[in-house]
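What you see is a predicted model, and the numbers here were worked out from it, not measured in a lab. Scope of the values below: all heavy atoms of this structure, side chains included, with no hydrogens, waters or symmetry mates.
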Amino acid sequence: MDIRKFSLPEIIFGHGSMRYTGLYARQLGGKRVFVVTDRGLEQAGWAHRLFEVLESSGLGWVCYDRVSSNPRDTEVHEGAKLYREEGADVIVALGGGSPMDTAKGVATVVSNGGVIQNYEGANLILNPLPPMIFLPSTAGSGSDVSQFAIITDARRRVKMSLISRSLTPNVSIIDPDMLSTANDKLILSSAVDALAHAVESYVSLIAHPLTETLALKAIHLILENIFPALKDREPEALENLSVAATSAGMSFSNASLGACHAIAHSLGGFFDTTHGMVHPALLPAVMAYNLPACERKSAVIGEIILGRRLSSDAQTGQAGIDRLREIFRELGAVVRLREMVDDDAAFPQICETAVRDACLLTNPRPATAGDLLAICREVW
């Protein structure tokens, strides 16, 4: 095996672990915490609970909550302005991928200057970022353990990928209790996002044993726990989904992703679609496209999905893909793009954008804009 780098933050995992936020903020030199969250977390009471934790630790705080489901460049710049005005010194993100990616954008701009567009791409962040502590409220995005941030350029209607070791937070505090207030749609879309992370990072061109082990564990845990989590919010199932999301996040942070995410990013930038909701439509189609280039790995995934192996790798892989489509339907997920976007005329433009997405570089099978367009047409 070639020499590999593996990046991850310090991870605190367990029920009630939010209470350690103030301790870690102080250890990182914090005196005034910049909290990035969204209004849904405020309404659910989790933001208020976090503020109490910070105050009990003797920390001041300021809250920025104007975050969209697909965080925009304008929101990053507004947050950075507030951070500077308030004299903040530590960033705490509470929420799903949107607050966490916004927090990464704010941290990048306040420490490196300019606008967030300057850092689109890989390894363009040169100055150290402020200390970051992330508390994921969903089991899906993986932003709390990853080197990625996805920010929408509102003018271009493009989701920008920022990739840098600097974007890995210092600490990830994963408290499965926060999943208890999530609705079915959020639990489902987050779990399918994590599943897509696991599948795509497992077959990635730069996958290695460390990432592969995490990815396979994540696939197994998601498929085993998503139904009981949705049915009655079984605490063990919710905890296992959190483990799965963390494992998948660590895997894709170090092995990257593939065509499914390249298309999803482009769709989200153009149509403002919810990221996790497009994966039930795209993921099986992308897996089928990639099958000829990674039959052995596809069979491993297929065997987890089916619970058995068929006579050949190709058959096992294809049967696993077919069963995954059925599972998504049984979960009530949207499996056709026409149910999420109202016009397919923009697909050629979307696919031209997708071929420039960094995630496509590690897809196991090369893909042109025409190939991606065929996938979109197939699931339209």
| request: Sequence neighbours left out, what pairs pass salt bridge (charged side-chain N to carboxylate O under 4.0 Å, His left out) with at least one residue falling in residues 154-176? | output: Glu120-Arg156, Asp153-Arg156

| field | Least distance between heavy atoms, Ala182 atom then Arg233 atom | value | O-NH2, 2.9 Å

| message | Between Asn254 and Thr211, do the side chains contain a donor N or O and an acceptor N or O under 3.5 Å apart? | response | no

| message | Testing the 3.5 Å rule here: is there a donor-acceptor pair between the side chains of Thr368 and Asp371? | response | yes

| said: Is any side-chain heavy atom of Leu50 closer than 4.5 Å to one of Trp61? | reply: no

| field | Reported CG-to-CD1 distance for the pair Asp73 and Ile151, which is rounded to 0.5 angstrom | value | 8.5 Å

| query | Roughly how far, to the nearest 0.5 Å, is CG of Asn123 from OG of Ser164? | reply | 6.0 Å

| remark: For Ala194 and Ala245 the tightest heavy-atom approach is CB-CA, 4.1 Å

| Asn112 versus Tyr119, side-chain donor and acceptor atoms under 3.5 Å | no

| message | Parallel, tilted or perpendicular, judged at 30° and 60°: which one describes the rings of Tyr83 and Phe34? | response | perpendicular

| Any side-chain donor paired with an acceptor under 3.5 Å for Glu75 and Tyr64? | no

| Is Asn170 close to Glu10 at the side-chain level, that is, under 4.5 Å between some pair of heavy atoms? | no

| query | How long is the gap from CE on Met18 to CD on Glu52, to the nearest 0.5 Å? | reply | 10.0 Å

| Looking only at heavy atoms, which two atoms of Ser242 and Leu179 are closest? And how far apart? | OG-CD1, 3.3 Å

| query | Going by distance alone, is a donor N or O of one side chain under 3.5 Å from an acceptor N or O of the other, for Trp46 and Thr181? | reply | yes

| task | Validate the cation-pi geometry between Arg377 and Phe347: distance from NZ or CZ to the six-membered ring centre under 6.0 Å, angle to the ring axis within 45°. | result | no

| Aromatic ring pairing His261/Phe252, orientation class (parallel under 30°, perpendicular over 60°, tilted between) | parallel

| request: Apply the test salt bridge (Lys or Arg N to Asp or Glu O under 4.0 Å) to residues Lys81 and Glu78: give CA-CA distance (whole Å), side-chain angles for both, the deciding distance (0.1 Å), then the verdict. | output: CA-CA 5 Å; Lys81 181 174 181 290; Glu78 182 181 24; over 6 Å; no

| task | Please report the closest heavy-atom contact between Phe227 and Glu330, naming both atoms and the distance. | result | CZ-OE1, 3.9 Å

| message | For a 4.5 angstrom cut-off between non-hydrogen side-chain atoms, does Arg325 reach Val379? | response | no

| task | Give, for atom OG1 of Thr108 and atom CG of Leu129, the distance between the pair rounded to the nearest 0.5 Å. | result | 4.5 Å

| Closest approach of Ile219 to Ala198 (non-hydrogen atoms, all atoms of both residues) | CG1-CB, 3.6 Å

| Does one side chain, of Asp193 or His275, offer a donor that lies under 3.5 Å from an acceptor on the other? | yes

| field | Separation between CG of Leu223 and CZ of Arg323, rounded to the nearest 0.5 Å | value | 9.0 Å

| Below 4.5 Å, heavy atoms only, C-beta onward: do Pro99 and Phe134 meet side chain to side chain? | no

| task | Using distance alone, with no hydrogens and no angle criterion, decide if Tyr289 and Glu378 have a side-chain donor and acceptor under 3.5 Å apart. | result | no

